Amino acid sequence: MTPATAFAGRRVAVFGLGGSGLSTVRSLVAGGAAVLAFDDSMDAVAKAEAEGLPTGDLRAADFGTFDSLVLAPGVPLTHPAPHWSVQRAQAAGVEIIGDVEIFCRERRAIAPDAPFVAITGTNGKSTTTALIAHVLRSAGWDVQMGGNIGVAVLDLAPPAANRVHVVECSSYQIDLAPTLDPTVGVMLNLSEDHLERHGAMENYAAIKERLVARSGTAVIGRDDAFARAMAERIGGEGGRVVAISETDPLDLSRARALRGAHNVQNASAALAAARALGVPDEATFDGFASFPGLAHRMEEVPGPGRTTFINDSKATNADSAEKALASFDRVFWILGGKPKTGGVEALVPLFGKVTKAYLIGEASAAFAKTLAAHGVPHAELGTIERATEAAAADAEASGEAEPVVLFSPACASFDQFRNFEQRGEAFRRAVQALDPR
C-alpha cells in the first residue's frame, strides 16, 4: 500500500466503494487524513464498515468542510450528468480528484525523482503496460504495475528512487488526475469510445492528452489524426516527444506473443519507454522474446487438432477487433455481445479474411445483416459454447494448413457476462471441452 501522507490532516470525502474506492480509503486513513466514505449501494457501505473503514452519509454532510472529494473512476463526473456528490462538491468549491491524482501528489511529496511510466490509449494500453513492466523486470528493475490493469494504484508499494511504477490509466482516471506528471507518458492511439462518459470525441481526446502533456518524455502514436495532433502540440510547446507507429521497423520474430501490426506499435512504445529510462535495447528485445502476452488479448489457448485458438475477449470494440483480424490471413471468427456505436461496419474491409463468422449475444441479428450484405457466411449460435464447437469443427474440416479460430467479439460483454475476463474464461473452457478426436 501507498499511505497518502500528502493528505495528512486533511478532511476528505470519498464516494464509490468498489475495489479502487476501498483502496483509496485505506490509503488516506493510513496517511493520516480524516475520511468520510459513502456509496449509493448500502451493501458497499456495509462492506467498508465491516472492515472498520470510516463511513457516513455524504448526502447529509456539509461539503464545505471537506478539502477534497475523491471519486471512484466509474462515477459520472460530467456525462451523461454529474453525480449528486459531484454537484455537491462543485457547489461548495471542493476539488474533485481520483486515486491516480493521490498517487501523483504522494510521489511528488516523498520521492519526486521516482520513475513513473503512465500508459493510455483507446486500444493496446493493457498489453503495452504489461509489456513495459515485463521488460523492466527482465532488466532487473523493481517494478510495481497497476492502475486500470489489475491492482489499484494505491495498493502498490510507495514510490521510491529505486522503484518504477508502470500504471495503466483509463480516460476516467485521467479525468480525475489534473496534475498527472509521469516520467514517461505513453498515448498509443485514439478512436471513438466512451462518448457516453465524455460527451464528444474532442472531450475524450483532450482528456487523453493530459497524460502526455506534463510528462518528461511523451511517447505518442502517429497512426491516427488525434494522436498526431497531440504530438505536434506538445512538441511545438517544447516537450520531448517520441513518435511511434505500427509501421516501425522492429524485428519481433522471437516474440510470439506480439504478432500483428498493432503489437508493433505496442512494442515500439515499450522500446521508447525503456530507452527513456536507460534500458539497453538488447535487454528490451530479450524482454520482448520472453513476454508471455496478456490474458484475453490475442492469447493462444491450447486446443485439439491442428487448429490455433485465439482468445481476444478484450476486443470490446470494432477498432480493437480490427487489430486481431489484420493479424491473420484467414479466420473462423466468433463475435458478438453488447454492440457499440457503429457495430462492425468499420471492419468491412477485412471481411475477406473471414472464412465464416459465428455470432453470439445481443448483437447477433444486427451483425448478421451486415455480414450478409457483404456475402460473409455466418451462423447465429447464441452462446460461446455453441459457437466455439461449430467454429472448431469447420476449422478442422477445412483444407487450410493452419486454421485459426479467432474469438474477437468487437462488443462489450455485459449482455451475457460481468466483464471481458469472464467472457474470455468461458471461451477458454469451451475450447478445453472440445472433442479431441
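Remember, it's a predicted structure, so these values are computed and weren't measured experimentally.
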Asp224 and Asn189: side chain donor to acceptor below 3.5 Å: no
Ion pair Arg108/Asp181, N-O distance below 4.0 Å: yes
Nearest non-hydrogen partners of Ile102 and Ala4, listed with the distance: CG2-CB, 3.7 Å
Tyr204 and Thr122: side chain donor to acceptor below 3.5 Å: yes
Val376 vs Trp333 side-chain heavy atoms within contact, under 4.5 Å: no
Residue pair Arg210, Asp175: steps toward the salt bridge (Lys or Arg N to Asp or Glu O under 4.0 Å) verdict: CA-CA 8 Å; Arg210 293 180 196 171; Asp175 209 8; 3.3 Å; yes
Glu425 with Arg428: basic N within carboxylate O range, under 4.0 Å: yes
Any donor-acceptor pair under 3.5 Å from Gln173 side chain to Ser170 backbone: yes
Under 3.5 Å donor-acceptor, Gln87 side chain and Pro82 backbone: yes
Side chains of Val117 and Thr183 in contact at under 4.5 Å (non-hydrogen atoms): no
Main-chain N/O of Pro158 paired with Glu106 side-chain donor or acceptor, under 3.5 Å: no
Ion pair Arg259/Glu299, N-O distance below 4.0 Å: no
Student check: side-chain heavy atoms of Ser27 and Pro3 closer than 4.5 Å: no
Carboxylate-amine/guanidinium contact Asp142 Arg163, below 4.0 Å: yes
Heavy atoms of other groups near Glu49 CD, more than 12 under 6.0 Å: yes
Intermediate values then yes/no, side chain to side chain contact (heavy atoms under 4.5 Å, CB included), Gln416 and Glu362: CA-CA 8 Å; Gln416 295 178 319; Glu362 185 180 307; over 6 Å; no
Polar contact flag, side-chain donor to acceptor under 3.5 angstrom, Asp99-Ser20: no
Salt-bridge contact Glu209-Arg233 (side-chain N to carboxylate O under 4.0 Å): yes
Ser245 side-chain N/O to Asp223 backbone N/O, donor-acceptor pair under 3.5 Å: no
Step-by-step salt bridge (Lys or Arg N to Asp or Glu O under 4.0 Å) determination, Glu95 to Arg105: CA-CA 14 Å; Glu95 68 169 0; Arg105 295 187 191 182; 2.8 Å; yes
Side-chain donor or acceptor of Ser268 paired with backbone N/O of Val264 under 3.5 Å: no
Parallel, tilted or perpendicular: rings of Phe309 and Phe427 (30°, 60°): tilted
Electrostatic pair Arg256-Glu300, nearest N-O below 4.0 angstrom: yes
Thr120 and Lys125 side chains, donor-acceptor separation under 3.5 Å: no
Note, Phe116 side chain near Cys104 side chain (heavy atom, < 4.5 Å): yes
Polar side chain donor-acceptor pair, Asn203 to His79, under 3.5 angstrom: no
Check: Asp248 and Gln265 side chains under 4.5 Å, non-hydrogen atoms: no
Evaluation steps, side chain to side chain contact (heavy atoms under 4.5 Å, CB included), between Lys338 and Ser413: CA-CA 6 Å; Lys338 186 176 179 61; Ser413 59; over 6 Å; no
Heavy-atom side-chain contact between Thr24 and Phe103 under 4.5 Å: no
Check: His134 main-chain N/O paired with Ser138 side-chain donor or acceptor under 3.5 Å: yes
Evaluation steps, side chain to side chain contact (heavy atoms under 4.5 Å, CB included), between Ile384 and Arg423: CA-CA 8 Å; Ile384 284 178; Arg423 179 171 67 182; 3.7 Å; yes
Check: Lys323 and Arg297 side chains under 4.5 Å, non-hydrogen atoms: yes
CZ/Arg240: more than 12 non-hydrogen atoms of other groups inside 6.0 Å: no
Aromatic plane relationship, Phe15 with Trp84 - under 30° parallel, 30 to 60° tilted, over 60° perpendicular: perpendicular
pair Asn266-Leu188: side-chain heavy atoms closer than 4.5 Å: yes
Centroid separation Phe66 to Phe63 less than 6.0 Å: yes
Verdict with reasoning, Phe38 to Thr55, per side chain to side chain contact (heavy atoms under 4.5 Å, CB included): CA-CA 6 Å; Phe38 193 60; Thr55 64; 6.0 Å; no
Donor-acceptor contact present, side-chain Thr127 to main-chain Gly124, <3.5 Å: no
